[in-house]
Amino acid sequence: MREITYTEAAREALTEQMAVDPSIFVVGEGIGERGGNFNTTLGLYEKYGPMRLRDTPIVERGFVGMCAGAAMTGTRPVVDFMFIDFILDSMGELLNQISKIQYMSSGRIKMPIVLRGCIGIGGAAATHHSGSYYPLFVHIPGFRVALPSTPYDAKGLLKTALTGDDPVLFLEHKLLLNRRGPVPEEEYKLPFGQAAVAREGSDATVVALAVMAPKALAVCDELAKEGLDIEVIDPRTLAPLDMGTILESVRKTGRLLIADETFGPCGIGAEISAQVMEESFDDLDAPIARLNGAHTPTPYSPSLESAIIPDNVAIAKAIRDLVAE
Amino acid sequence: MREITYTEAAREALTEQMAVDPSIFVVGEGIGERGGNFNTTLGLYEKYGPMRLRDTPIVERGFVGMCAGAAMTGTRPVVDFMFIDFILDSMGELLNQISKIQYMSSGRIKMPIVLRGCIGIGGAAATHHSGSYYPLFVHIPGFRVALPSTPYDAKGLLKTALTGDDPVLFLEHKLLLNRRGPVPEEEYKLPFGQAAVAREGSDATVVALAVMAPKALAVCDELAKEGLDIEVIDPRTLAPLDMGTILESVRKTGRLLIADETFGPCGIGAEISAQVMEESFDDLDAPIARLNGAHTPTPYSPSLESAIIPDNVAIAKAIRDLVAE
Amino acid sequence: MSSDDITLNSQQLLPLYRMMALIRRTEEQLARSHQMGLVPGPCHTYVGEEAIAAGVCAKLRDDDVVFSTHRGHGHALAKGVSPRAVAAELFGKATGCSQGRGGSMHLFAPEIGLMGTSGIVGPSILQGAGAGYSFKLLGSDQVSVAFFGDGAVSNGAFHEGLNLAAIWDLPVIFVCEDNMYATEVPFREATRVQDVAERASVSYDMAAVCVDGNDVLAVRQASEAAVARARAGEGPSLIECKTYRTRPHAEGMRDGGYRTDEEMAAWKRRDPIASYGAWLLENGHASEGGLEAIEAEVNATVDEAIEFARSSPFPDPATASDFIFSAGV
Amino acid sequence: MSSDDITLNSQQLLPLYRMMALIRRTEEQLARSHQMGLVPGPCHTYVGEEAIAAGVCAKLRDDDVVFSTHRGHGHALAKGVSPRAVAAELFGKATGCSQGRGGSMHLFAPEIGLMGTSGIVGPSILQGAGAGYSFKLLGSDQVSVAFFGDGAVSNGAFHEGLNLAAIWDLPVIFVCEDNMYATEVPFREATRVQDVAERASVSYDMAAVCVDGNDVLAVRQASEAAVARARAGEGPSLIECKTYRTRPHAEGMRDGGYRTDEEMAAWKRRDPIASYGAWLLENGHASEGGLEAIEAEVNATVDEAIEFARSSPFPDPATASDFIFSAGV
Ligand SMILES: Cc1ncc(C[n+]2csc(CCOP(=O)(O)OP(=O)(O)O)c2C)c(N)n1
Ligand SMILES: Cc1ncc(C[n+]2csc(CCOP(=O)(O)OP(=O)(O)O)c2C)c(N)n1
Ligand SMILES: [Mg+2]
Ligand SMILES: [Mg+2]
């Protein structure tokens with residue numbers, strides 16, 4: 001199968017859907033002629049023109065609120081935040097309007113809006129350009145949250161986002177954007193709420209999110225040489241969250257680590273841990289472990305930045321500790 | 001000891017501190033002459049005048065961002081949001097600025113700002129006036145989060161907030177505002193990160209937040225008649241969170257329920273559950289249970305509203321189930 | 001009362017009167033119901049401001065859309081939502097226009113273009129602009145209307161929303177209902193520049209007029225021009241309506257202190273319904289009997305609606321979490 | 001170059017030249033360092049806009065405060081942060097003004113009133129207003145300055161911040177650096193009204209002027225008036241500075257497409273340092289040798305600063321989570 005990058009895969013999903021659905025339009029800063037800070041829309045302006053690739057002033061609240069009104073009236077906006085950090089000025093529109101209007105209108109109004117942005121720590125981007133924020137959108141009812149880690153998943157999940165009628169956060173880790181992977185030329189979609197078992201194993205289960213998925217896979221390949229047989233699960237969407245696949249794996253392995261770059265407190269790991277506790281307490285042979293980035297704003301200096309994110313050594317240690325429990 | 005209401009207790013803390021610290025000022029809509037929608041500042045305008053009780057236009061982002069600048073330059077702003085739902089338009093100022101500036105400036109700038117508002121479901125306030133949102137501020141580093149459930153705690157914690165140098169969310173559940181309780185006339189403060197064991201017991205531990213604390217206490221008094229001896233813990237602050245007291249209790253009882261009106265996913269219950277799992281797995285005689293409000297926007301009609309919040313019957317059932325496990 | 005619009009005949013004039021009377025009667029009955037404990041949540045009435053909703057919506061089609069505020073009963077009624085559906089919603093009943101999920105501040109009837117009222121100040125402006133974007137992209141001649149109070153004018157949503165609509169020439173009508181107060185904070189303290197239309201034109205280069213919001217014909221005329229502009233693809237407009245609410249901010253709230261008795265009395269003398277009625281009579285567009293008949297019909301309709309609301313069932317608690325997501329995914 | 005300010009003598013004139021030269025040299029060396037991989041993160045230079053920071057900050061005291069943007073090196077230097085501390089910060093070193101926590105977009109030196117540069121567009125405007133509130137409440141005569149780009153003008157923070165400062169008469173100076181582009185989006189597409197000073201005066205009733213941002217004396221003079229107004233308790237001002245950045249938005253970014261070569265060349269001919277230098281010579285305020293001596297001193301200072309940055313240690317990884325909270329609680 002041909003290999004393309006993560007960004008190319010997501011862009012393919014977008015351009016293919018824009019070709020078949022004239023109600024899709026994209027807003028963002030520099031997503032027009034320039035093609036997006038991360039090349040998310042490269043070449044699309046030439047095809048679809050300024051009404052559908054709409055460069056905006058720096059008004060995140062304004063264009064998100066505007067896109068809510070557009071989604072309510074027959075079009076499908078895609079908001080391209082560039083860095084997801086810029087989403088924060090629009091939280092009122094997101095949490096009080098976009099997530100609630102389907103409910104408040106008893107399903108008579110749809111809210112087909114895709115909110116995409118680049119997440120994660122890396123490249124000394126410092127604290128205003130390194131956020132992730134997905135646990136917030138899992139906590140609040142009304143959002144779908146997609147967090148693909150491969151080009152294949154990026155394309156398939158974005159297609160689903162662009163054809164569904166719900167608000168979707170589509171989050172792309174900055175260190176994944178240029179990774180290549182196999183993506184079929186044929187049309188496909190990936191359903192939300194279906195985790196990928198990225199690696200089968202029987203000694204322990206690692207649930208790994210976003211950039212932690214390739215990291216965990218690399219670590220587990222190393223650990224296999226030590227005789228450790230680890231299962232790696234990438235949930236791919238956090239809302240809905242495929243607990244079935246995770247529980248099934250834990251029933252098999254009895255041990256669970258959740259590896260997530262962003263903050264631990266009230267995070268995804270906490271939620272998965274609590275649910276496994278509730279559903280599968282007796283299957284556990286060891287306490288569930290969480291591995292998270294430090295609970296701190298992101299520092300700039302490489303010496304500090306690398307100190308706050310779990311690296312391969314930390315992942316390997318967490319897995320060894322878990323298996324040793 | 002004299003008994004006063006929750007609102008009176010918090011107001012006492014504020015007026016006493018304003019008397020000794022001329023750098024404290026309050027901003028909000030209707031907190032001047034009117035004394036606040038919830039009487040949070042009743043009578044203070046007459047004492048301290050318009051520079052210190054500052055009625056604002058409806059610009060939540062504007063006045064929060066402004067107060068950040070004020071806190072950085074020698075004053076102590078108190079932002080009175082009325083309903084905490086209105087905080088959302090200021091999330092950028094909160095999450096990208098207020099929570100980060102002490103860190104980014106290596107501690108050379110302080111951020112003594114208190115953000116207060118009314119939370120919770122009740123009185124058919126519907127979905128734009130029923131939010132709680134505290135898990136978001138526990139997830140993000142840089143905030144103190146106080147959630148008092150009694151007049152005594154309200155006064156003591158607000159004093160601490162008003163004398164510390166960190167950003168504090170001070171959240172008052174709407175159904176607690178008029179509850180009365182003993183409050184000493186003498187000066188006192190309550191440290192952050194110190195839970196209250198509101199009721200001692202040995203059969204199970206219930207961690208109960210905000211309005212769930214008095215509810216749980218009432219339920220446990222009833223259950224005592226059935227011979228169930230339940231410990232009730234109110235963490236009082238969620239950041240920092242006094243895990244020591246919770247763990248100690250769980251070591252004694254072996255059983256834990258976290259009762260929280262707001263959403264479950266990535267909530268406080270998930271975090272407590274995960275931490276107990278990590279620290280005290282072997283002490284558990286049953287899986288940790290969570291009792292939360294439904295994961296849904298808040299409906300208006302009383303018949304729907306009451307269906308989404310855990311009532312005393314639900315609390316009693318959750319405790320009985322836990323003990324029966 | 002002033003109107004240059006000589007083309008109006010009684011077929012157009014009397015429905016304006018009826019709509020204002022219908023809003024007034026509905027509000028008064030809702031206020032009474034609130035006092036009786038039949039409205040479980042908050043209730044912000046539109047009494048004194050009826051001319052704006054009636055005048056603006058008179059020129060709209062069913063497929064034009066309206067985004068409204070916490071004070072939205074009048075907008076809902078003027079857009080065509082029945083008094084039954086509004087009253088039942090405030091009573092928290094399954095027969096309400098939001099099936100009991102919304103209450104006073106969350107009225108929805110998208111099938112006739114009422115895209116929602118909002119308990120949060122500001123979003124109506126942005127969503128209104130967004131509907132305009134949809135219509136422009138889809139090549140439709142539909143028009144979008146955003147209502148908001150003077151309280152929203154200082155908010156960032158006003159600035160961002162007006163600017164976006166202006167630079168992209170969106171078919172949107174921004175209707176500012178300046179009733180001089182945001183709760184009890186006077187507009188003159190919220191800003192040094194109270195002339196909203198001038199701001200819209202100077203800061204955003206938008207077609208903007210200021211009208212007497214208690215003069216239904218003046219509002220209607222401004223709306224007519226704005227709708228025509230929007231349908232013709234000539235971009236957005238702002239209509240600033242100077243008005244006054246003659247009841248408290250919300251039912252059950254104290255109303256003292258911030259407004260003088262004289263101010264209130266002066267505005268009551270300028271009641272939009274009474275003054276329009278007088279103008280209709282003076283100009284021979286209606287007889288006393290004719291107006292009384294309208295009022296009688298309206299009163300009966302509203303009273304029946306209240307009874308309908310009272311006797312309707314509450315929603316089934318089992319449905320409390322329905323409709324969060326579309327069925328599709 | 002134009003100045004009515006006849007009171008200026010060379011003691012005041014030459015430091016302006018030096019400051020602009022210092023900013024220019026620092027930026028050029030940082031850009032070079034970025035190309036060499038010595039600046040690990042982003043780097044937005046101020047080349048072409050030096051007259052604004054130099055002119056505005058010339059009139060500030062150490063205890064006046066400045067809130068700045070992603071393009072903040074010039075503001076930091078003009079407020080008195082040493083080139084060493086700025087360069088070391090960009091190199092990610094423990095000796096940087098933010099001890100390596102911040103980088104290009106997060107420069108802090110509160111001890112001399114640099115209250116922070118921000119990677120987010122908008123907050124500087126609000127925080128600037130807030131410092132004004134502090135000074136007014138505390139009865140101090142300190143002044144607060146908020147820098148921001150044309151990109152912030154359409155943002156709600158501009159509207160909310162200016163309005164608050166105006167209604168409360170806060171001692172704040174809003175400095176809009178209009179370099180015609182926000183990244184590659186032209187200001188003329190972001191708004192229909194590019195006259196920022198007129199907006200400030202019409203919409204917020206604020207004292208506002210528009211000056212040539214490449215004319216350091218014009219900027220200085222506007223700043224002088226604004227500072228005097230603020231210190232005297234007469235409220236806020238806005239200074240709109242028309243300027244141009246002659247390097248890409250950020251180092252390493254492509255710069256084609258959105259700007260023409262002619263436009264760039266025209267603005268390069270209006271270089272603020274060269275034109276001020278020429279004016280100084282023409283008017284006998286300096287000799288060629290004098291200016292060269294300044295440049296030589298500046299170059300040596302900056303080169304030493306870069307060397308300092310390069311040889312400084314990285315921060316200790318063990319400190320990565322320090323300072324999130326004050327020690328106090
Ligand atoms: C963002 C936000 N902040 C505060 C409130 C509380 N609130 C409800 S109505 C209101 C006043 C609104 O005034 P205005 O916009 O003039 O409308 P009016 O009530 O006068 O019709 C306020 C402050 C809110 N609903 N939303
Ligand atoms: C809220 C927000 N949205 C987007 C960005 C990304 N961004 C960084 S700089 C910039 C352009 C800023 O333009 P302007 O304010 O004119 O300043 P200039 O770079 O021209 O000095 C943008 C869009 C940001 N930093 N903050
Ligand atoms: Mg008003
Ligand atoms: Mg610019």
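In what follows, every heavy atom counts, from backbone to side chain, and hydrogens, waters and symmetry copies are set aside. Numbered from 1 within each chain, the chains take letters A, B, ... in sequence-line order.
- Contact tally against chain D (heavy-atom pairs below 4.5 Å) for B:Ser106, B:Gly107, B:Ala70: the top residue is B:Ser106.
- If you measure heavy-atom distances from B:Gln102 to chain D, the contacts under 4.5 Å come from both the backbone and the side chain.
- Contact of D:Ile125 with chain B is not made at all, since no heavy-atom distance falls under 4.5 Å.
- The distance from atom NZ of D:Lys136 to atom CZ of B:Phe25, rounded to the nearest 0.5 Å, is 12.5 Å.
- Summarising the geometry of B:Thr73 relative to D:Leu138, their closest heavy-atom pair is O-CD1, 4.0 Å, with the distance given to 0.1 Å.
- Rounded to the nearest 0.5 Å, atoms CG (D:Leu107) and OG (B:Ser105) are 12.5 Å apart.
- Although no hydrogens or angles enter the test, the distance criterion places no donor-acceptor pair under 3.5 Å between the side chain of B:Thr75 and the main chain of D:Ser134.
- D:Asn163 and B:Pro57 make their closest contact through ND2-CG, 4.1 Å (heavy atoms, listed as atom of the first residue, atom of the second, distance).
- Atoms CZ and CE, on B:Arg108 and D:Met115 in that order, are 10.0 Å from each other to the nearest 0.5 Å.
- A distance of 9.5 Å separates CE in B:Met104 from CE in D:Met105, rounded to the nearest 0.5 Å.
- Of all the listed residues (D:Phe67, D:Phe135, D:Phe323), the one sharing the greatest number of non-hydrogen pairs under 4.5 Å with chain B is D:Phe323.
- Nearest heavy atom pair, residue B:Met51 against residue D:Tyr133, reads O-OH, 2.6 Å.
- In terms of heavy-atom pairs under 4.5 angstrom with chain B, the leader among D:Pro110, D:Gly113, D:Ser124 is D:Pro110.
- The main-chain N or O of B:Gly69 is never found under 3.5 Å from a side-chain atom of D:Gln127 such that the two would form a donor-acceptor pair.
- For the pair B:Arg144 and D:Phe325, the distance from NZ or CZ to the six-membered ring centre is under 6.0 Å and the angle to the ring normal is within 45 degrees.
- With rounding to the nearest 0.5 Å, the separation of CD1 in D:Ile167 from OG1 in B:Thr56 is 8.0 Å.
- Within the 4.5 angstrom heavy-atom criterion, no atom of B:Pro167 approaches chain D.
- Note that CD1 of B:Ile101 is 10.0 Å distant from NE2 of D:His106, once rounded to the nearest 0.5 Å.
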